[in-house]
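Here the structure is laid out as C-alpha cells; the discussion comes afterwards.
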Amino acid sequence: MPELPTQYAPADVETRSYERWVSAGHFTADPGSHGAPFSVVLPPPNVTGSLHIGHALDHSIQDALTRRARMRGLATLWLPGTDHAGIATQNVVERELAKEGLSRHDLGREAFVERVWQWKEESGGRILGQMKKLGDGVDWSRERFTMDPGLSRAVQTIFKRLFDDGLIYRAERIINWCPRCLTALSDIEVEHSEDEGELVSIRYGEGDASIVVATTRAETMLGDVAVAVHPGDERYRHLIGTKVELPLTGRMIPIVGDEHVDPAFGTGAVKVTPAHDPNDFEIARRHSLPSLTVMNERGVITAHGPFEGLDRFEARPAVVAALRADGRIVAEKRPYLHSVGHCSRCKTVVEPRLSLQWFVDVSPLAKAAGDAVRDGRTRIHPPELAKRYFDWVDDMHDWCISRQLWWGHRIPVWYGPEGEVVCVGPDEEPPAGYAQDPDVLDTWFSSGLWPFSTLGWPEQTPELAKFYPTSVLVTGYDILFFWVARMMMFGLYAMDGQPPFRVVALHGMVRDQYGKKMSKSFGNVVDPLDWIERYGADATRFTLLRGANPGSDVAISEEWAAGSRNFCNKIWNATRFALLNGATVAAPLPDADSLTAADRWILSRLATVTRAVDAAYEEFEFAKVSDLLYHFAWDEVCDWYVELAKVQIASGHDETKIVLGHVFDALLRLLHPLTPFVTEELWRALTGGESIMVAPWPGADTNRSDTAAEAEIAAVQNLVTEVRRFRSDQGLKPGQRVAARLSLAGTSLASHETAIRSLLRLDEPAETFSPTARLTVASVVVELDTAGAIDVAAERKRLEKDLAAARKEAAQTQAKLGNEQFMAKAPDDVVAKVRGRQAQATADIGRLEAQLSALPTG
RNA sequence: GGGCGCUUAGCUCAGCGGUAGAGCACUCGCCUUACAAGCGAGGGGUCACUGGUUCGAACCCAGUAGCGCCCA
C-alpha cells in the first residue's frame with residue numbers, strides 16, 4: 001500500500017489518472033454493448049475558443065452524469081467536438097493575414113480556406129486539451145468537427161432534402177447585415193442593447209401639406225420612398241394620397257395609409273425606407289412602393305449628392321446639419337435611449353439591408369419542435385423554462401442561412417447560364433458549365449445537426465442506432481432557442497419525428513460572489529484553468545456543481561474554491577485514516593447482530609444518503625447531490641463515525657474495519673462523478689482495484705436501515721455535545737482530561753460509555769472522586785471534577801438561556817394544545833409531535849430549574 | 001410595451017403548509033496520535049411590504065415596492 005502524504009496534491013494525481021483512463025479505454029463507448037444506452041453530445045465549443053468558467057460548469061455536469069451512468073452499467077457515450085464558427089474563425093485568420101499586410105482577397109478563396117484549415121490544425125481546438133485538465137470523460141475516439149467530411153455530407157444531405165421539400169428558398173429580404181464582417185446574420189446573431197442615440201423630428205413638405213416624422217437614423221431619409229400614417233388617423237386622413245417633397249432631395253414621395261402604423265407613437269407618421277428597415281420593407285410591399293438603396297455593404301452612403309461616400313455615422317450628423325440649415329428640424333432629442341442591434345461577433349452596429357439570401361421556411365419545422373416538447377417526447381428541465389422555448393418556436397421567423405463568408409459549408413446550389421438553379425446532393429455532379437453559389441451556410445445550420453451527424457447520419461451506423469435519441473442535452477438556458485430549437489427542428493425532420501434528446505437539462509450562468517455577471521471589463525472573471533492549478537480540478541468542479549440548481553445561476557468565489565479544496569483534503573485524510581487503521585473491503589459486510597450501534601447507524605445513514613443522491617440526480621439537482629455527500633462525509637462519517645470507530649478498533653472490534661472499508665468504498669464511489677481525481681486515487685489505494693470508473697454505482701442498501709441505531713447514536717451525539725458545551729463554557733481546554741462519573745446504567749447509552757469517555761476526555765472517577773459540577777442531559781447525570789472552581793456566572797448564564805428557550809417552547813406548544821380548532825383539525829401525527837415537544841420542554845424546565853437552584857450563590 | 005423569475009443570517013443560496021437551514025464570513029478555546037486545507041463550542045434572521053385563505057403561512061392566493069432576465 002503506497003504511503004499517502006498528509007495533504008492532497010491534485011497536480012500529481014490528475015494528469016496521471018487522466019492518461020490512464022484514456023489508455024484503458026474507459027471513456028470509449030461501445031455501441032455493441034448490451035447495456036441500456038446513455039448518450040450525451042457535448043455542445044460543441046467554438047474551434048477558436050478556450051475553456052471558460054461557463055464551459056467548466058456545463059462540462060462538470062455532463063461528466064457527472066456520464067460517469068455515474070457508466071458506473072450504473074449503462075452503455076455510455078459522451079461525444080466531444082468543436083464547431084467551425086464561420087465568422088469567428090474567419091476573423092481570426094483575417095487578423096493574422098492583416099499582420100502580413102494581406103486581405104483574404106489577396107489570397108483568393110481557395111488559398112484562404114486552405115490557410116484557415118492550416119490555422120485550425122495548428123491552433124484550433126485548444127479547448128479540447130483544456131477539457132482534459134478538467135477531467136472530462138469524453139470519448140476521444142469519436143471526436144467530431146462540424147466540417148469533417150461526414151458532417152459536411154450530413155449538411156449537404158439535409159440541405160438537399162429541405163430544398164426538395166420546398167423548405168429552403170432564396171429571396172430578397174431585409175436581413176441583419178454586419179458592415180464589418182460583410183455578411184448577413186440571423187436574428188439570434190444580433191444582440192440588442194439600450195444605447196444612446198438621437199431622435200430627430202423632420203418636417204417633410206410645406207404648409208398645410210407638411211408632415212413631421214421622427215427617426216434615430218436620419219441618414220436613411222435619403223432612401224425614403226413614402227410617409228405612412230394610420231388610415232384612421234384624423235390628423236392625417238386628408239393627406240393620404242397626396243405627395244410631399246422629401247427634403248434635401250427634391251423628390252416627391254406619396255403619403256400612404258397603413259394599418260400597421262401606430263398613431264400613438266411619436267407624431268403618428270413614419271418615414272418609409274424599404275431598403276433599410278424591415279418594417280418599412282413590409283409597408284412598401286403592401287403599397288407596391290419601390291426600394292431605394294442608399295448605402296453599400298460597408299455602410300457607406302451611395303446616394304448621389306453631397307453625402308455620397310460618407311460612412312453612415314458621418315452621414316448622420318451631416319444630414320441633420322443640412323436639414324437644420326434648411327429649416328426642417330422640428331425637434332431633436334439627444335441623447336435618446338433606444339434599442340440598437342449589434343453583431344454578436346464583432347459588436348458593430350447591425351444595418352438592416354435589402355439583399356438576396358437563402359432562407360429556411362421554419363413553419364413546419366418549428367411547429368414540430370414545439371410539439372415534441374408539448375407532448376413530452378422531449379422534457380425541458382426545469383419545466384418553467386419550457387415557456388420560453390414555446391414563445392420562441394411558436395413565433396419563429398424564417399431563418400436566414402446564407403453567409404457571405406468563405407469559411408464554412410458552401411451552399412450546394414449551382415446556377416446555370418440561363419439562370420437555372422440546381423441543388424446538388426452528396427453524390428451528385430453539378431451540370432457542366434454551372435457555377436456554385438459563392439455563399440456558405442450559417443454555422444448553426446451544421447451544429448443543428450450535431451446530435452445525429454456526429455453519430456454517422458445519414459449513414460445507418462451502429463452508433464446512430466444505439467445512441468439516438470440522446471439521453472440528455474446539458475446546456476445553458478441562454479442558448480435554449482439559439483441552438484436547442486434548431487437541433488430539435490433538424491432532428492425531428494431528419495430522424496422521422498424522433499427528437500434529438502429525451503431531456504434538455506438547463507443550467508444557468510456562472511456569476512461572481514456577489515451575483516454579478518463575469519466580465520473582462522469588470523475584472524471579476526474566473527479562469528477555470530487557474531483554479532485547477534491552484535485548487536485542483538476536483539475542487540473547481542465541486543464548487544460549480546455545489547451551486548448548480550436547475551436553471552438558476554451559479555455564484556462562485558475564491559473562498560468557495562478553497563472550501564471545496566478543503567473538502568477534497570478532508571476526504572483524502574479521512575480515507576488515509578481508514579487505510580492506516582486496517583479498513584478492509586475484501587470481506588463481506590457482517591450481519592447487523594455482530595455490529596455495534598455506531599456501525600449499524602452509519603450503514604443506515606449510507607443507505608438513506610445513497611437513495612437521496614439517486615433521487616437528486618433524477619432531477620438534475622447537482623447542488624443537492626453535492627450537499628448531501630458533503631454533509632454525510634464531513635458531519636457524519638468524519639466527525640462521528642471515524643471517532644467512534646477509533647474506540648471500537650482500539651477495543652478489538654474488528655468488524656468495524658470492514659464497515660469502515662465498506663463506507664469509504666461507497667462514499668468514494670458516490671463522490672466520483674463529482675470529484676473524479678481524488679476519489680480515483682483514494683479508491684485505488686483503498687481497494688487495490690484498477691479504477692473507480694469501472695466500479696459499480698452503489699445501490700441504496702435499505703436492508704441496513706436501522707432507526708433504533710439512529711436514535712441511539714443521536715442520543716450519544718446529544719450527550720457528547722452537551723458536555724462539550726459545558727466544558728467550553730467552563731474554559732476547560734479540549735485536551736484536558738477530567739474525572740467524571742456517568743449514570744449510564746439502564747439507558748440505551750450504557751454500551752457507549754467507553755466511546756463517550758473517549759470523545760469527552762473523561763477519566764474514570766478515582767476513589768477520592770469529589771465532583772465539582774453536575775449536569776443532566778436527557779436522563780443521564782454527569783458529574784465532573786473540574787479540579788478547580790466552577791465559573792458559576794458562565795454556568796448560570798448558560799442555564800438561564802436554555803431555560804428561557806424551554807419556557808418559550810412550553811408556552812408555544814401549550815397554546816397549540818389548548819386550541820380546540822387545532823386539536824380538532826390538525827392531523828394526529830402533528831398533534832402527537834407537539835405533545836412530544838411539550839413533554840420535552842416541561843422536563844427540560846424542571847431539570848434546568850433544579851440545576852440553577854443547585855448552583856452555589858454568589 | 002409583452003412575458004418570466006427573484007426578494008430568507010454580513011455574502012451566496014437551500015427550504016415551498018406543522019420547532020427557520022447550509023457553505024463562507026464572524027466570536028471564543030485548541031498543534032486532542034487522519035486532517036491547522038484541521039478540531040470543539042458559540043453568536044447572528046419581525047423569511048421585502050400589505051391584505052386574504054387556513055387550526056396553523058417563509059411556503060398557498062391577491063395586491064404593492066424593488067431587483068434581474070428574455071422578447072419587442
Side-chain angles (χ1 to χ4, degrees), chain A residues 4-8 187 192 262 264-265 339 382 384-388 390-392 395 477-478 480-481 508-509 511-517 535-536 539 543 546-549 551-581 621 623-624 626-628 630-631 634-635 638-639 642-643 645-646 650 720-737 758-761 798 801 805 808-809 812-813 815-816 819-827 829-831 833-834 836-838 840-841:
Chain A
L4 298 179
T6 60
Q7 280 197 351
Y8 173 51
D187 293 348
H192 292 270
D262 178 2
F265 188 79
S339 178
E384 303 91 86
L385 286 170
K387 192 176 180 326
R388 267 197 205 185
F390 293 135
D391 286 349
W392 178 258
D395 186 30
Y477 61 70
D478 55 326
L480 179 59
F481 34 79
M509 309 291 104
R511 292 168 178 271
D512 75 4
Q513 59 190 309
Y514 303 109
K516 281 210 162 36
K517 220 174 219 169
Y535 299 109
T543 302
R546 208 176 173 195
N549 293 116
S552 60
D553 291 344
V554 181
I556 58 166
S557 75
E558 195 89 354
E559 285 78 13
W560 302 12
S564 299
R565 177 210 43 199
N566 295 354
F567 176 62
C568 292
N569 195 51
K570 186 74 181 176
I571 298 298
W572 178 265
N573 277 294
T575 310
R576 261 186 74 225
F577 165 84
L579 281 164
L580 293 170
N581 285 275
E621 304 257 18
K624 195 177 277 182
S626 310
D627 214 47
L628 279 164
Y630 181 95
H631 287 291
W634 204 315
D635 300 351
C638 293
D639 286 354
V642 162
E643 296 305 323
K646 284 177 185 172
V720 169
T721 302
E722 284 299 319
V723 177
R724 278 176 178 164
R725 191 161 85 158
F726 174 82
R727 290 185 55 128
S728 183
D729 285 348
Q730 291 300 320
L732 293 167
K733 306 291 184 215
Q736 187 178 335
R737 303 206 63 91
S758 166
L759 293 176
L760 289 169
R761 325 248 166 230
R798 160 99 290 144
K801 182 175 183 251
K808 189 179 168 197
E809 173 80 350
Q812 278 176 348
T813 49
K816 287 204 170 199
N819 181 336
E820 279 177 37
Q821 296 276 22
F822 174 78
M823 297 305 284
K825 294 188 178 173
D829 61 319
V830 172
V831 175
K833 224 179 204 171
V834 175
R837 283 167 52 199
Q838 159 85 4
Q840 182 63 54

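Chain identifiers are assigned alphabetically (A, B, ...) following the order of the sequence lines, protein sequences preceding nucleic acid strands; residue numbering begins at 1 within each chain.
- The nearest whole Å value for the distance from the OH atom in A/Tyr477 to the C1' atom in B/G3 is 15 Å.
- Within the nucleic acid shown, A/Ala555 comes within 4.0 Å of sugar-phosphate atoms alone, with no base atom in reach, counting heavy atoms only.
- The pairing partner recorded for B/G1 is B/C71, the criterion being a Watson-Crick or G-U wobble arrangement whose two distances lie under 3.5 angstrom.
- Nucleotide B/C6 forms a Watson-Crick or G-U wobble pair with B/G66, both donor-acceptor distances falling under 3.5 Å.
- In terms of heavy atoms, A/Cys568 sits closest to A/Ala539 at SG-N, 4.1 Å.
- Backbone-only contact: A/Asp639 has heavy atoms under 4.0 Å from sugar-phosphate atoms and none from a base.
- A/Phe577 pairs with exactly one of A/Thr575, A/Asn581, A/Leu580 by the side-chain contact (heavy atoms from CB on, under 4.5 Å) rule, that one being A/Asn581.
- Residue contacts shown for A/Gln812 are absent, as no nucleic acid heavy atom lies under 4.0 Å away.
- In the set B/U12, B/G23, B/U32, the nucleotide with an atom closest to the side chain of A/Arg546 is B/G23.
- The shortest distance between the side-chain N/O atoms of A/Asn566 and the OP1/OP2 oxygens of B/G38 is below 4.0 Å.
- Note: A/Tyr8 and A/Trp572 have tilted aromatic rings, judged against thresholds of 30 and 60 degrees for the angle between ring planes.
- Which of B/C55, B/C69, B/U19 sits closest to the side chain of A/Asn819 comes down to B/C55.
- Comparing A/Asn569 and A/Arg576 along RNA chain B, the residue whose closest nucleotide (by nearest heavy atom) sits nearer the 5' end is A/Arg576.
- At a threshold of 4.0 angstrom between heavy atoms, the contacts of A/Val642 include nucleobase atoms, whether or not backbone atoms are also involved.
- Counting any heavy atom pair closer than 4.0 Å across all strands shown, A/Thr813 reaches no nucleic acid atom.
- Pairing for B/A58 is absent, with no Watson-Crick or G-U wobble pair whose two atom distances lie under 3.5 Å.
- With C1' as the reference atom, B/G1 and B/A58 are 33 Å apart, rounded to whole Å.
- B/A9 and B/A22: their P atoms are spaced 13 Å apart (whole Å).
- When each of A/Lys517 and A/Asp553 is assigned the nucleotide of RNA chain B bearing its nearest heavy atom, the one mapping closer to the 5' terminus is A/Asp553.
- One P atom belongs to B/G5, the other to B/G10, and the distance between them is 28 Å to the nearest Å.
- The separation between A/Asn573 atom CG and B/C39 atom P is 10 Å, rounded to whole Å.
- When heavy atoms are screened at a 4.0 angstrom cut-off, A/Cys568 is found touching no nucleic acid atom at all.
- When A/Gln840, A/Gln838, A/Arg837 are each tested for a side-chain hydrogen bond (donor to acceptor under 3.5 Å, both in side chains) with A/Thr813, only one passes: A/Gln838.
- Interface remark: the A/Arg724 side chain does not form any donor-acceptor pair with the B/A41 base, using a distance-only criterion of under 3.5 Å.
- Contact of the A/Met509 side chain with the A/Val554 side chain is not registered, since no non-hydrogen atoms from C-beta on lie closer than 4.5 Å.
- Proximity note for A/Ser728 (side chain, C-beta onward) versus B/G18, B/G40, B/C24: the nearest is B/G40.
- One C1' atom belongs to B/G23, the other to B/A14, and the distance between them is 10 Å to the nearest Å.
- Nucleotides B/U7 and B/C49 have their C1' atoms positioned 11 Å apart, rounded to a whole Å.
- Here B/C30 presents its P atom at 13 Å from CZ of A/Arg727, a figure rounded to the nearest Å.
- Contacts of A/Arg565 with the nucleic acid, taken as non-hydrogen atoms under 4.0 Å apart, include base atoms.
- Pair assignment for B/U53: none, as no Watson-Crick or G-U wobble contacts are both less than 3.5 Å.
- Note on A/Lys733: every side-chain N or O is 4.0 Å or more away from OP1 and OP2 of B/G29.
- Looking at the side chain of A/Leu580, the nearest of the listed nucleotides B/A34, B/U19, B/C11 is B/A34.
- Here B/C4 is the nucleotide among B/C4, B/A41, B/G23 with the atom lying nearest to any side-chain atom of A/Lys387.
- Going from the C1' atom of B/A65 to that of B/G40 covers 45 Å, rounded to whole Å.
- Remark: P of B/A34 and CG of A/Leu759 are 13 Å apart, rounded to the nearest angstrom.
- Under the Watson-Crick or G-U wobble criterion, with both distances below 3.5 Å, B/C28 is paired with B/G40.
- To the nearest angstrom, P of B/A34 lies 14 Å from CG of A/Leu4.
- Heavy atoms of A/Lys570 sit under 4.0 angstrom from at least one base atom.
- Comparing atom distances between the A/Arg725 side chain and each of B/G42, B/G29, B/C69 picks out B/G42 as nearest.
- Atom name C1', nucleotides B/U33 and B/G38: the rounded distance is 14 Å, in whole Å.
- Because its NZ or CZ atom is not both nearer than 6.0 Å to the ring centre of A/Tyr630 and within 45° of the ring axis, A/Lys570 does not count as a cation-pi partner of that residue.
- If you check every strand for non-hydrogen atoms under 4.0 Å, A/Lys624 touches nothing.
- Backbone-only engagement by A/Asn549 is indicated by non-hydrogen atom pairs under 4.0 Å involving sugar-phosphate atoms exclusively.
- Between the C1' atom of B/G38 and the CH2 atom of A/Trp634 lies a distance of 8 Å, rounded to the nearest Å.
- You'll find the side chain of A/Arg511 stays beyond 4.5 Å of the side chain of A/Lys516, heavy atoms only.
- Heavy atoms of A/Gln7 sit under 4.0 angstrom from at least one base atom.
- Using a 4.0 Å cut-off between charged nitrogen and carboxylate oxygen, A/Asp729 and A/Arg725 do not count as a salt-bridge pair.
- Using a 4.5 Å heavy-atom threshold, the side chains of A/Thr543 and A/Phe567 count as separate.
- One P atom belongs to B/A72, the other to B/C47, and the distance between them is 40 Å to the nearest Å.
- A/Gln730 contributes no side-chain N or O that forms a donor-acceptor pair with the base of B/A41 under 3.5 Å.
- Closest to the side chain of A/Pro734, out of B/G23, B/U32, B/C70, is B/U32.
- The interatomic distance linking A/Trp560 (CH2) with B/A14 (C1') rounds to 12 Å, in whole Å.
- B/C6 atom C1' lies 16 Å from atom NZ of A/Lys516, rounded to whole Å.
- The side chain of A/Glu643 approaches B/C35 more closely than any other nucleotide in the set B/C55, B/C35, B/A37.
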